[in-house]
Each structure stands twice: as C-alpha cells, then as structure tokens.
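Just below is one structure, and these are the notes that go with it.
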Amino acid sequence: MKFKYRYITVFSLLAVFVIYLLIHYSLLMLRGAPAPAARQRTELAERGSILDRNGRILAIQIRFADVSVWKPSITDINVLSNEISAILDMTPAEIRERINSSVSNFVFLKRQIDDVDARRLSSLLEEKKIDGVRVQPMVGRVYPERKMASQIIGFVGDTNEGIEFAFNDILNGSEASAGSHVVLTIDTYVQHILEEIALRTMNDTGAEAVMFAAMDPRTGDILGSASLPDFDPNNFRSSDSVSRMNRPAIWAFEPGSTFKVFSIAALLDSGAISGNSVFVCNGVYNPARGAPINCMGIHGRVTAREIIINSCNAGAAYASDNITNSAFYKLLSDFGFGSRTGAGGRGETAGYFVSSANWSDRSKPTIAFGQEIAVSALQILQATSVIANDGILVPPRIVLRTVSADGKTSNELHNGERRRVISEQTARAMRSYMVDTASSGAMGWRAAVRDMSLGVKTGTAQLIDPVTRGYSETDFISSCVALFPADNPTLILYLAIVKPKGEIFGTRIAAPAIREAAESLIDYLGIPRGRNPQVDHPPSVNIPAARLPALETHVPDFTGLSKRTLMPLLLRGDIMVEIRGDGWVCRQNPPAGTPVTDGMTIILELE
C-alpha cells in the first residue's frame, strides 16, 4: 500500500503538469503569440573575397534574406499581402494562399531575396506598421566563375576545402571587422585556356583525367592549373571526391621520360658525365646485375643531347652507372623531388622517392628514365624552374597576397627561398637539348611554335596495376613539359593525360595540346616572337586603364566606368552597391556629390 500511494502521488503531479502545459499553450493560441524578432536585421560577419591576380572575383559573400510570417501576429492579411506583394514579386492572392494553406503558424513566404529588396521590405514594414512579417538576413558564398579553378578555390559548406579552408582565418570576418581578401596568382584568362584545351584533350583521348598547369618561372606564380574532371563549388554537395581532387597538388605518379631532363642535368652538373660522353644503345640496357631493361628503340651512339632528343632509356640508364646511389639521390632531392612544394595546400603530396639506402640494383637506372619515382605536377613545375632560371630553383606559389577589407593593408606572400641547384652552364645546356627536341623530326616537334624558340620534353609512363602491383599493359600517363622563350624563359607549361584510350604516346597527344596553349598564351602574355618582337621605346603610347574613383565622404561620378572597373565596390561592407545591366555606367542614383552614409544603397545602371 505504501508503494501504491507513492505511484499515485507521482502520476498525479505529472497529470497536473501536463494540464498546465495544455492550458498555457491554449492561452497563447487564443491571444496570438508574439512573432520572433519580426523585422530586426542583425549585422553579419563579412567574409573576404577570393580574387584572381587581376582583381576578378572568384569567390564572394553575398547578403540575402528569408521572408516569413507568424500567423498569430497578423492583424490584417489583406493589407499585408497588398503592401508587400510588389517587393516579393508575388501577387496578393499568392501570398494569402500560401499563408492560409499552411497548417503551421510559421510560414516561409520567400527565400533568398536580394539584400536591396530585403532593406526595402524592412523599411516598408516599419513605415506601414505591418506586424507578423519577419525579414531574416542571411549570407551566402557565390562562385561567379563556376567550375573555373574550382579545386584550388574550394568551397564553404559543412567543411571548407581549398583556399577557402587554408585561409579560413584570414577570410573570416567578425562583428568588429570584415575579413581580408585573398588574391591568387591565377590569371582567369590563362586558366580558361588551359581548362578549355584540357577538356578537349580529355574528350579526344577518352582519358580518365587531365592536368594542365602554367607557371612563371621567374616568380613561381601559378598562372593557371586545370584539373579535370572538376566541379561547381556553387553546388558542391552534388560533387564527389574525384571531381574535387586537386590532382596537380595531391596526386603522385611516375613521370616517365620527362624526368630525363632532371636526371641528365644532375649527372652533367655532378661531373659524372660530360656533354661529350658517349653511350651505346642497342635497344636494351644490360646491368652488371639484374634483368635487362628494354629501350623504345635502337639509338646507337648517344650523348646527353641525343638521350634527351631521342628519349633514350638505355642511354639514360648507362649514364647513371657513372654516379653513386647516394650522390644521385642527393642531386635529385635538390630539385625538390621527395618534398612538398608548399603551394598545394592541405593534402599536398611529397611524392614517392625513397632513400638511396633502400634502392635495389635496378633502382638507379630506372629512376634515370622516370620510373620507380613518383612526383606531382607541382614538383615538375618547380624542378623545371631550375632549368628555366639558369640553375636557380623558385618554389611555386598560388597566393599572391592578402588585402585588408579597407584596402589599406596588403601583405605579399612568398613560398620558400630561392636556391641554386645546378650551374648556369648546365641549365643552359639542358635548354638547348630541349630546343632540339622540338625541332623538325625530333620527339617533340608537334609542340613547336612558329617564331618562338621553345624547349620541350615528352613522356609516356606505365601506371601501376592496383591488382597485380606490377606495370599495367593498358594504363598509361602521357605528358609533355615546355618552357619558352628558350633563351630567357618566362613561362612553363606542363600537361599530363591520365589513362588515354587508343594513342598513348606523349609526343602524339600531349605535345599538340602544348603547342595550342602556347600559341594562345604567347600573344596574351606579351611574350615576343622572333619575327614580331616587342619594342619598348619613348614614342610608345600607353593608354591607362580606367581607375575607380575614391568613395569616401561623397559619392563620386561613376559615369563611363566599365562593369569590371566597378567590381571592387561589391567588396565594400559599409554600403550597398547594385549594378544593373552590362557595359558602362550611364546613370547613377544617388547623384555625384551626395554625402556617403553607412548602409546607403548606390544604384549604377549600365548600357
């Protein structure tokens, strides 16, 4: 009986509590519960933008708002629907139908209206004293160039990737201040050319993937880096890990014959061989111990120059017999192989290059022609900078600088120290060998460009079969590296085609794509051709680019400015700028001379 009374007591108290909740809820329904923070606009942290080297916006934060109603707080649905219909671009009947048809008291009327309309709506609700409508400010990340350089830029979502992740602390703003902007070394025109040719190459060859990168060897600036397949960061949730993979930075592969440029340069610079050293290729390399290694042809007597021109595996292997394992390993490590470049962000690969203490009898000769070592595309660009810069290695970089939200502070970023790897004489000798490789009848002739001295090396490498762990008979990676102008290189191009179908040789499918890209980029970047050199002399006419007038205490006159010139205005956090149309500014509101106030909206109409 004692326990029975306890149960009765407990259940009685629970019943009283439930009855209280029911009565309280009923009263709220009858009285009409207050709408949550109906029209209050909160200040949201402004995340910095990501821009290309020329100021073109690649990622930007936009403001928008969700509009909802709380039905118990509505005093007159007809007034409400009639007043707000024009701003929401809905008919009054549509608004009433949406509200009345909902079984819930909380109803979304429209999502993601732009910030200008959100401000207009908030002012209208305040002026007309309309209750029950909530304007909830939101922010979102937009990538105007869609798939362009998507793996480099990354995205903001449940998790961040790419530059969005690596520079998250810099990009993120706070309630006190907006985040800084990140300026990449990427040039969107160069990126567009590389992506366009990479896509056509992938389609023509039936390849699984394609990497195509361009770097200025003088600065290490990555001007473009295409990685296909790719994805649209505006819809990143519909992408997969393969399309989001920044292959040039995180994928390691055996480079094949393009690696001979660096192995022969190392052998020459060490004194192990000279330019006059002769090796005999009868179609096979016969080591002192171990199994023989086949060459792709019978090249006869070859020097270092012919090893590069003919891509002679046997010649490279015989040349490597003249150096110790440890010395060869040290020299190739100096080119940056086996270490991260620092430009690849999270997940960058160091490649695969084991210590010489763990080499087999076969390792040194196979490494000499690009097997038993795995590299990244970024490492190839970095190593080629040694050949381009007369022996000086310049580390690649993908971020040029960061700029504060007010534009007053700019910090340039550098990626590692420049250092000498080989002598000037060795580097120039290698460039002359690569120029001969692009000559008529040589392995790389399909990469040759009219009126331009171009150095090139092609390669074709077998991929490892994941099942047998041996070399695949069907899967290859075809590649080509080029630098130009050969006497003073200002651009390096590297293309790698993964698992092409049908034709597999780099000299046939990679070299033509290099030529196509070079033809476009030479003119765009202003690289002088032999028959049409650039001349810089006093009579030259320089037309200055239009400059954006300062927007400080008073609104300036924007008339005549192009849409591209106006883009930095979208980065301002203290005012709103609405750009309508395309072309050049023909009208503006408010007019020039109007005092600038916080939160004001400037409308610029273009034709």
Side-chain angles (χ1 to χ4, degrees), residues 151 194-195 197-214 225-230 242-243 245-263 293-296 311 313 316 332 337-338 344 348-353 366-384 437 443-444 446-447 456-482 492-514 517:
Q151 297 98 340
L194 297 186
E195 290 184 357
I197 295 174
L199 179 60
R200 189 159 54 248
T201 299
M202 189 164 76
N203 292 335
D204 291 346
T205 62
E208 179 182 282
V210 173
M211 297 175 281
F212 205 174
S225 180
S227 177
L228 299 180
D230 55 9
V242 174
S243 62
M245 181 189 300
N246 185 10
R247 286 178 179 265
I250 70 176
W251 194 59
F253 55 93
E254 291 192 353
S257 291
T258 52
F259 195 76
K260 292 189 181 86
V261 170
F262 316 114
S263 61
I293 299 172
N294 293 325
C295 192
M296 293 298 294
S311 200
N313 288 352
L332 293 177
F337 298 114
E348 181 184 0
T349 182
Y352 175 83
F353 190 31
T366 55
I367 289 171
F369 56 80
Q371 289 185 347
E372 208 172 314
I373 181 172
V375 305
S376 70
L378 283 181
Q379 288 176 331
I380 291 289
L381 291 173
Q382 177 176 257
T384 307
T437 305
M443 295 289 286
R446 291 179 178 85
V456 68
K457 183 71 189 78
T458 61
T460 307
Q462 292 172 283
L463 291 172
I464 299 295
D465 187 318
V467 177
T468 66
R469 304 306 302 166
Y471 284 110
S472 171
E473 296 297 322
T474 59
D475 295 338
F476 298 83
I477 183 164
S478 309
S479 61
C480 185
V481 63
I492 296 171
L493 294 176
Y494 180 66
L495 170 67
I497 307 168
V498 183
K499 295 185 182 180
K501 304 296 187 294
E503 182 60 70
I504 62 168
F505 292 106
T507 184
R508 291 183 177 273
I509 61 175
I514 289 285

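Keep in mind it's a predicted model, so treat the numbers as computed, not measured. We use all heavy atoms of the structure for the numbers below, so side chains are in, but hydrogens, waters and symmetry mates are not.
I497 and A207 make their closest contact through CG2-CB, 3.5 Å (heavy atoms, listed as atom of the first residue, atom of the second, distance). The shortest non-hydrogen separation linking D230 to S243 is O-CB, 3.3 Å. Contact between P512 and T507 at its shortest, heavy atoms only, is CD-O, 4.1 Å. Of all non-hydrogen atoms in F212 and A517, the two that sit nearest each other are CZ-CB, 3.6 Å. Across all their heavy atoms, A226 and A198 have their closest contact at CB-CB, 4.3 Å. Closest non-hydrogen pair, V498 versus M211, comes out as CG2-CE, 4.4 Å.
Distance CD/E503 to NZ/K501: 14.0 Å, rounded to 0.5 Å. The distance from the CD1 atom of I514 to the CD1 atom of I509 is 12.0 Å, given to the nearest 0.5 Å. If you take OH on Y494 and OG on S225, they are separated by 12.0 Å, rounding to the nearest 0.5 Å.
Between M296 and F369 there is no side-chain heavy-atom pair separated by less than 4.5 Å. For the pair L228 and L199, the minimum side-chain heavy-atom distance is below 4.5 Å. Within the 4.5 Å cutoff, the side chain of E348 has heavy atoms near those of the L378 side chain. A heavy-atom distance below 4.5 Å is not found between the side chains of S263 and I367. Contact check for T366 versus I293: side-chain heavy atoms found under the 4.5 Å cut-off.
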message: Applying side chain to side chain contact (heavy atoms under 4.5 Å, CB included) to Y471 and L463, what does each step give before you reach the verdict?
response: CA-CA 6 Å; Y471 284 110; L463 291 172; over 6 Å; no
field: Verdict with supporting geometry, I464 and R469, side chain to side chain contact (heavy atoms under 4.5 Å, CB included)
entry: CA-CA 6 Å; I464 299 295; R469 304 306 302 166; 4.3 Å; yes
message: What verdict does the side chain to side chain contact (heavy atoms under 4.5 Å, CB included) test give for S479 and T258, after you've listed the backbone C-alpha separation in whole Å, the side-chain angles of each residue and the deciding distance to 0.1 Å?
response: CA-CA 7 Å; S479 61; T258 52; 3.4 Å; yes
field: Pair M443-S257, side chain to side chain contact (heavy atoms under 4.5 Å, CB included): steps then yes or no
entry: CA-CA 11 Å; M443 295 289 286; S257 291; over 6 Å; no
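Residues passing the ring pair (Phe, Tyr, Trp, His ring centres under 6.0 Å) test with F505, sequence neighbours excluded: none.
Using a 3.5 Å distance cut-off with no hydrogens or angles, the side chains of Q462 and S472 do not pair a donor with an acceptor. Under the 3.5 Å distance criterion, with hydrogens and angles disregarded, a donor-acceptor pair is assigned to the side chains of S311 and K457.
Summarising the local packing, OH of Y352 is surrounded by 12 or fewer heavy atoms from other residues, nucleotides or ligands at distances under 6.0 Å.
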For residues 245-252, run the donor-acceptor check on the side chains, cut-off 3.5 Å, and write out each pair with its distance to 0.1 Å, sequence neighbours left out.
none

